[in-house]
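Working notes for the structure below.
Keep in mind it's a predicted model, so treat the numbers as computed, not measured.
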Amino acid sequence: MQNQKQWNIDWPKFLISLLIPVAVGTVAGWLIQGSADFYNGLIKPPFAPPAALFPLVWTVLYLLMGIAAYRVHQSEGEGKQTALRLYYIQLVVNFLWPISFFLWKNFWLSFLILMVLWILVGVLTFRFWKLDRPAGIMMVMYWIWLTFAAYLNLFVAILYG
């Protein structure tokens with residue numbers, strides 16, 4: 001059985017870890033505000049959620065990312081710095097996707113960005129998992145959502161591309 005590490009939370013670092021991804025999402029959301037009407041006007045694939053669900057899901061995912069990043073930052077393991085660099089790179093790519101999809105309405109570019117993000121998060125999830133299993137599990141949730149987002153984006157790209 002794996003030894004469980006006692007976590008003493010460094011509250012300033014924890015809050016910064018939460019704030020960074022939430023800030024990325026907030027700025028992206030601000031840039032694409034009003035896009036719910038655009039999204040609602042699209043023909044969407046089966047199982048497409050209503051536009052109102054996206055901000056809620058993304059907020060939860062950004063919080064999970066922040067918690068996962070904090071846990072990895074506090075972990076002691078080889079590859080921690082590489083994993084954290086990869087985390088920040090994926091945040092940049094994550095930021096680009098809604099701009100490409102909602103502002104530029106470039107659905108194929110959006111899909112390409114999403115595929116890059118999907119690969120990055122897959123690698124990141126594996127690296128986080130090796131450093132801290134709960135952090136890896138949190139990233140699995142994100143990766144699953146990206147898989148679903150890719151399905152939605154591909155459908156729209158095929159129809160409107």
Check your understanding: Do Y70 and D10 meet the criterion of a side-chain donor-acceptor pair at a distance under 3.5 Å?
Key -> no
Check your understanding: Is the closest side-chain heavy-atom distance between L117 and V121 below 4.5 Å?
Key -> yes
Check your understanding: Any sub-3.5 Å donor-acceptor pair from K44's side-chain atoms to V156's backbone N or O?
Key -> no
**Study point:** Closest contact, heavy atoms only, T125 versus M139
**Key:** OG1-CB, 3.3 Å
Check your understanding: Taking the side chain as C-beta and beyond, is there a heavy-atom pair between K13 and Q74 under 4.5 Å?
Key -> yes
Review point. How close do A135 and V72 get, heavy atom to heavy atom, and via which atoms?
Key: CB-CG2, 3.8 Å
Check your understanding: Run the side chain to side chain contact (heavy atoms under 4.5 Å, CB included) check on L61 and W145 step by step: do they pass?
Key -> CA-CA 9 Å; L61 291 172; W145 180 256; 3.4 Å; yes
Check your understanding: How about Y87 and R127: do any of their side-chain heavy atoms sit closer than 4.5 Å?
Key -> no
**Study point:** Which atom of F54 lies closest to which atom of P49, heavy atoms considered
**Key:** CZ-CG, 3.6 Å
**Study point:** V22-V57 co-clustered via ILVMFWY side chain contacts under 4.5 Å
**Key:** yes
Review point. Mind checking whether I43 and Y160 have side chains closer than 4.5 Å, heavy atoms only?
Key: yes
Exercise for review: Please name the pair of heavy atoms, one in I113 and one in S100, separated by the smallest distance, quoted to 0.1 Å.
Suggested key: CD1-CB, 3.8 Å
Check your understanding: Do V92 and V27 belong together in a cluster built from hydrophobic side chains that touch within less than 4.5 Å?
Key -> no
Point to revise | R71 versus M138, closest heavy-atom pair with distance | key: CD-CE, 3.8 Å
Review point. More than 12 foreign heavy atoms under 6.0 Å from CH2 of W108: is that the case here?
Key: yes
Check your understanding: Among L154, N153, I119, which residue meets the side-chain contact (heavy atoms from CB on, under 4.5 Å) test with L114?
Key -> N153
Point to revise | Side-chain heavy-atom pair I158, F107 within 4.5 angstrom cut-off | key: no
**Study point:** Shortest non-hydrogen contact from I32 toward P98
**Key:** CG2-O, 3.6 Å
Review point. Could you go step by step and tell me if N94 and W58 meet the side chain to side chain contact (heavy atoms under 4.5 Å, CB included) rule?
Key: CA-CA 11 Å; N94 176 295; W58 276 109; 3.4 Å; yes
Exercise for review: Using a 4.5 Å cut-off on heavy atoms from C-beta on, say whether the side chain of I67 contacts that of S17.
Suggested key: no
Check your understanding: Would F126 and W129 count as a close aromatic pair, with their ring centres under 6.0 Å?
Key -> no
**Study point:** Side-chain heavy-atom pair T26, W30 within 4.5 angstrom cut-off
**Key:** no
Exercise for review: Check the pair L120, I89 against side chain to side chain contact (heavy atoms under 4.5 Å, CB included), reporting the backbone distance first and the verdict last.
Suggested key: CA-CA 8 Å; L120 283 170; I89 291 168; 4.1 Å; yes
**Study point:** Flag side-chain contact, heavy atom, 4.5 Å: F111 against F101
**Key:** no
Exercise for review: Please confirm whether the backbone N or O of F102 pairs with a side-chain atom of K105, one donor and one acceptor, at under 3.5 Å?
Suggested key: yes
Practice item. I would like to know whether I20 and Y88 meet side chain to side chain contact (heavy atoms under 4.5 Å, CB included); could you show each step before the answer? Key: CA-CA 9 Å; I20 290 170; Y88 291 111; 4.0 Å; yes
Review point. Does the ring center of W11 lie less than 6.0 Å from the ring center of F14?
Key: yes
